[in-house]
Amino acid sequence: MNLDAQHPLASGLTADARLIRAYQGTRPEVTPVWFMRQAGRSLPEYRSLRVGTRMLDACLDPEMASEITLQPVRRHNVDAGILFSDIVIPLKLVGVDVEIVAGMGPVLGKAVRTAKDVAELTALDPAVLDTSLAPIRQAVARTVAELGETPLIGFAGAPFTLAAYLVEGGPSKDHINARTLMHADPDAWAALMAWTAEVTGRFLRAQVLAGASAAQLFDSWAGALSLDDYTRYVAPASAAAIAHVRDLTYTENGVPTDADQTGEETATRRNVPVVHFGVGTGELLKEMHGVGADVVGVDYRVPLDEANRRLGGVVPVQGNIDPALLAAPWPVLEAHVLDVLERGRTAPAHVLNLGHGVPPLTDPNVLTRLVSFVHELGASAPVAS
Ligand code: CP3
């Protein structure tokens, strides 16, 4: 399906942005940079805005969500905004009893442990999202109107990461109940994953249709899985989630793709770029690309040249600064950034990011300095010694 002509990619507003070009596999002169969890607790302006408002209420207030999304873009001059929201928002909007407990994460009213629990959960109709996602669409529309040529990234949780919260009932270390369920009752597991893919896929698609120029699927906890379990019990659902945005296309520079009067194609049709990221997923990189992603996000455990090798040398990569180094002395961080950039150079294109989210206690000035350092290096980054 073609994006609306007013969409920032279709109108050309964000189509030439560094981030989009890198996601499409061409290397811009300046390496684009943004940070996972760039919006949030590291920013004093976020902390003061959030006083008295619960996390999920903030996500569902279009004005507040938009303002929080814009804060790090203004402050750090990053190459993208990422919508301030949460992976559990579509669960809440479809009727699941879920809250976010500060310092802990998503907590469910009831864990989904048995086939009966799965049947009750999957009886909730994903079609209600058509109307209940309205505040998300409004937040996206407000935000892209302010961002102009800076692309907004929409995101969603991958089915496994969401299922890990649903089955455990909250955060867990090893997601053991979820991993048991996939083997103990493969049919219930498949039903759970198919439903979750539908719910999270609709959330992602709504953000893109409302104006997001790229989409990132977070499978934060997929690193708990063996390659075999990932391939058999998880990858099909991740592919189904990505399929919700895979068909969304636009024509470059707003030129119609229809054959012109001479009968020749006049423009290139492109899809909205999709990034797939997980933590501890070094063994799964190729499969995570294979479910329909254009770009693979790499955490800090595997160096980018090795990640690129595992991906066959043909996939743009995103990452992978170790968040722990944000609190190290600047020369230490600088050397690490140069090393990441140098290794990233082996891939077709590289978007600089962290290997996971910004730690809440990060000094925001370090992030601002890092962005301007990378932008000033431009294409001719010196090779780290
Ligand atoms: O990156 C961004 O700036 C966009 C915002 C964003 C949030 N959550 C806001 C948020 C994104 C992309 C997410 C995704 C998310 N949520 C993931 C996948 C990414 C990842 O980090 O692995 C996961 C696993 C969740 C679930 C979740 N929500 C967790 C683990 C937490 C942290 C709990 C805590 O207090 O430490 C949340 C809450 C949350 N989501 C916060 C923010 C800014 C903190 C809320 C607060 O201010 O108290």
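Numbering of ligands and ligand atoms starts at 1, following listing order.
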Is it true that [X] and [Y] have a side-chain N and a carboxylate O under 4.0 angstrom from each other?
X: Arg142; Y: Glu146; value: no
X: Arg269; Y: Glu252; value: no
X: Glu99; Y: Lys92; value: yes
X: Arg179; Y: Asp229; value: no
X: Asp339; Y: Arg343; value: yes
X: Glu342; Y: Arg345; value: no
X: Arg246; Y: Asp294; value: yes
X: Asp247; Y: Arg205; value: yes

- Item | Residue Lys286 excluded, over 12 heavy atoms near NZ under 6.0 Å |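 No - once you tally the heavy atoms of other residues, nucleotides and ligands closer than 6.0 Å, there are 12 at most.
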- Message: Looking only at the side chains, is there a donor atom on one of Thr161 and Asp219 sitting less than 3.5 Å from an acceptor on the other?
- Response: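 Asp219 and Thr161 do have a side-chain donor-acceptor pair below 3.5 Å.
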List ligand 1 atoms under 4.0 Å from [X], heavy atoms only on the residue side.
X: Ser85; answer: 5 (C), 6 (C), 7 (C), 8 (N), 9 (C)
X: Pro106; answer: 26 (C), 27 (C), 29 (C)
X: Gly103; answer: 34 (C), 35 (O), 36 (O)
X: Phe84; answer: 43 (C)
X: Ile100; answer: 28 (N), 38 (C)
X: Met36; answer: 1 (O)
X: Ser220; answer: 18 (C), 19 (C), 20 (C), 22 (O), 24 (C)
X: Tyr46; answer: 43 (C), 45 (C), 46 (C), 47 (O)

- What orientation do His356 and Phe277 show, parallel under 30°, tilted 30 to 60°, or perpendicular over 60°?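 The rings of His356 and Phe277 sit tilted, inter-plane angle from 30° to 60°.
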Report yes if [X] has an N/O atom closer than 3.5 Å to an N/O atom of ligand 1; otherwise report no.
X: Tyr165; answer: no
X: Ala102; answer: no
X: Thr161; answer: no
X: Phe218; answer: no

- Task: Between Met104 and ligand 1, find which residue part has any heavy-atom pair under 4.0 Å and reply side chain, backbone, both or neither.
- Result: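 For Met104, the contact with ligand 1 is made by the backbone alone.
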- Query: ligand 1 versus Leu83, non-hydrogen atoms closer than 4.0 Å: side chain, backbone, both, neither?
  - Reply: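 Looking at Leu83 and ligand 1, just backbone atoms fall under 4.0 Å.
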Which residue and atom name correspond to the protein heavy atom nearest [atom], and how close is it?
atom: atom 45 (C) of ligand 1; result: Met55 SD, 3.5 Å
atom: atom 37 (C) of ligand 1; result: Asp86 OD1, 3.6 Å
atom: atom 23 (C) of ligand 1; result: Ile87 CD1, 3.5 Å

- Select the closest option to atom 2 (C) of ligand 1 among Arg50, His356, Arg41, Arg37, judged by heavy-atom distance.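 The option holding the nearest heavy atom is Arg37.
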- Candidate with minimal heavy-atom separation from atom 11 (C) of ligand 1, of Trp34, Phe155, Trp221: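 Shortest heavy-atom distance from atom 11 (C) of ligand 1: Phe155.
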- Short question: side chain of Arg369, backbone of Pro364 - any donor-acceptor pair under 3.5 Å?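 Side chain of Arg369 to backbone of Pro364, a donor-acceptor pair under 3.5 Å: no, none is there.
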